[in-house]
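Mind having a look at this structure? Questions to follow.
Just so it is clear: chains get the letters A, B, ... in the order the sequence lines come, proteins before strands, and each one is counted from 1. Being a predicted model, the structure only gives us computed values, none of them experimental.
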Protein chains: 2
Amino acid sequence: MIDAINRKIIAALQQNARISYAELGKRVHLSAPAVAERIRKLESAGIITGYRVKVDLDKLGYPILAMVQCKVYRTKEREFKALLLSYDEVVECINVTGEQAFLVKLAVESLSQLDAILEAFIDLSDTNTMMILSTPVDRALPETFFK
Amino acid sequence: MIDAINRKIIAALQQNARISYAELGKRVHLSAPAVAERIRKLESAGIITGYRVKVDLDKLGYPILAMVQCKVYRTKEREFKALLLSYDEVVECINVTGEQAFLVKLAVESLSQLDAILEAFIDLSDTNTMMILSTPVDRALPETFFK
DNA sequence: CCACAATGATCGATGCTATCAACCGCAAGA
DNA sequence: TCTTGCGGTTGATAGCATCGATCATTGTGG
């Protein structure tokens with residue numbers, strides 16, 4: 001299923017997910033229907049899970065990105081998860097090993113907005129806030145996949 | 001530029017970036033060329049920065065995701081950045097405030113592969129490795145943007 | 001060894017889609 | 001008021017997606 005051609009297809013879609021099947025076909029030396037069928041199978045196998053637009057958060061009015069490490073108090077875990085979901089500014093949240101820890105990425109308009117959110121978190125967890133300065137690498141897949 | 005219609009367009013592209021202009025037009029009550037023109041402008045303004053396919057890393061042979069917090073030794077910063085870029089398994093890297101710190105997300109095939117990478121990092125930084133158990137939230141944009 | 005699915009490709013027809021040009025209406029400014 | 005520019009519509013056209021028919025290849029059972 002994951003042969004060299006599908007790797008190339010995924011690589012091309014990684015670079016531009018709105019590319020046409022015809023164009024993809026040219027790149028992998030296959031007809032458009034053949035590519036469409038391969039992609040349909042990748043989707044229904046759950047390998048391709050969607051297509052997303054990438055946007056500039058800064059230009060959309062969210063100049064501040066923060067990563068908050070939350071060590072949730074043992075008894076407050078359920079409550080914490082509910083709180084997380086209630087905040088629209090939570091852009092990403094990953095659950096990691098070690099002391100009920102979550103890494104929460106927040107996109108906010110201002111530091112005061114960040115502060116307000118952290119206030120709410122601090123009742124349920126020990127927080128450690130890091131401001132995100134830059135994102136030197138942002139891939140969806142390891143490069144080895146394409147080799 | 002960022003009016004209610006463009007918010008809807010971005011929201012729709014967020015859900016499925018391969019949707020047609022005609023379909024987008026139906027949703028925002030505009031003709032296909034009008035939508036195409038709006039998107040063209042969003043792209044050239046750098047607000048829309050691309051379209052990406054989303055994939056299941058597990059199904060592609062990378063069952064292990066780790067987040068490594070690296071406190072880079074003051075004199076080794078340049079060297080560390082070079083090392084990062086040399087590793088294909090680095091899927092994301094964010095530079096955060098506090099003691100030359102980086103958060104590095106790694107996608108690997110096995111724990112031994114992870115170990116090998118950490119070996120290399122440890123010469124240049126204090127590392128704190130967290131295994132990623134789940135990703136309860138993974139949005140590209142705060143929900144407030146759509147309200 | 002030969003039939004015979006099953007798979008995965010191509011090709012051709014058809015309806016949709018993107019794209020371009022021409023045109024229109026409205027709002028801001030001279 | 002005139003005019004200029006912006007953002008929209010419409011219609012034509014070329015290209016694309018999609019479907020069915022067909023064909024080659026491969027692996028399997030008689």
(request) Would you mind reporting whether B:L65 and B:L106 have side-chain heavy atoms less than 4.5 Å apart? (result) no
(request) Starting from P on C:dT19, measure out to CD on B:E43 and report it in whole angstrom. (result)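 Whole-Å distance recorded here is 10 Å.
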(request) Calculate the interatomic distance between A:D3 atom CG and C:dT7 atom P; express it in whole Å. (result)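 Checked: the CG to P distance equals 16 Å.
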(message) Let me confirm one number: the OG1-CD1 distance from A:T127 to A:I122, rounded to the nearest 0.5 Å.
(response) 4.0 Å
(message) How many whole angstroms separate atom CZ of A:R18 from atom P of C:dA18?
(response)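 That distance rounds to 7 Å.
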(request) Using heavy atoms and a sub-4.0 Å distance, could you list which residues of residues 21-39 of chain A are near DNA chain D? By number, please. (result)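 Per residue number, the list reads A:Y21, A:A22, A:P33.
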(request) Apply the side-chain contact (heavy atoms from CB on, under 4.5 Å) test between A:Q69 and each candidate in A:D126, A:V104, A:L103, A:T129; give the one that qualifies. (result) A:L103
(request) Consider only side-chain N and O atoms of A:Q113 and A:Y62, and report whether a donor and an acceptor are under 3.5 Å apart. (result)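 No, no side-chain donor-acceptor pair sits under 3.5 Å.
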(request) Please state whether the rings of B:Y87 and B:F121 are parallel, tilted or perpendicular, taking 30° and 60° as the class boundaries. (result) perpendicular
(message) Does D:dG7 have its OP1 or OP2 closer than 4.0 Å to a side-chain nitrogen or oxygen of B:K41?
(response) yes
(request) Output yes when a side-chain donor or acceptor of A:R38 lies under 3.5 Å from a complementary backbone atom of A:M1, and no otherwise. (result) no
(message) Quick check for you: to the nearest 0.5 Å, what is the distance between B:M67 atom CE and B:I132 atom CD1?
(response) 5.0 Å
(message) Based on the rotation axes of five pairs at each end, what angle does the helix from C:dC1-D:dG30 to C:dA30-D:dT1 bend through, to 10°?
(response)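 Computed angle between terminal axes is 20°.
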(message) Looking at A:K71, I'd like to know if its NZ atom is crowded, meaning that more than 12 non-hydrogen atoms belonging to other residues, nucleotides or ligands lie closer than 6.0 Å.
(response)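 Open: at most 12 neighbouring heavy atoms sit under 6.0 Å from NZ of A:K71.
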(message) Does the Lys NZ or Arg CZ of B:R7 fall within the cation-pi geometry relative to B:F145 - under 6.0 Å from the ring centre and within 45° of the axis?
(response) yes
(message) Using 0.5 Å steps for rounding, measure from the NZ atom of A:K105 to the CZ atom of B:R139.
(response)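 With rounding to 0.5 Å, NZ (A:K105) is 13.0 Å from CZ (B:R139).
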Check nucleotides 24-26 of chain D for protein N or O atoms closer than 3.5 Å to its own N or O atoms and list the pairs.
none

(request) Could you state the atom-to-atom distance from CZ of B:R40 to C1' of C:dC20 in whole Å? (result)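 Rounded to the whole Å, the gap is 13 Å.
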(message) Side chains of A:Y73 and A:E79 only: does a donor on one sit below 3.5 Å from an acceptor on the other?
(response)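 Looking only at side-chain atoms, A:E79 and A:Y73 do not form any donor-acceptor pair under 3.5 Å.
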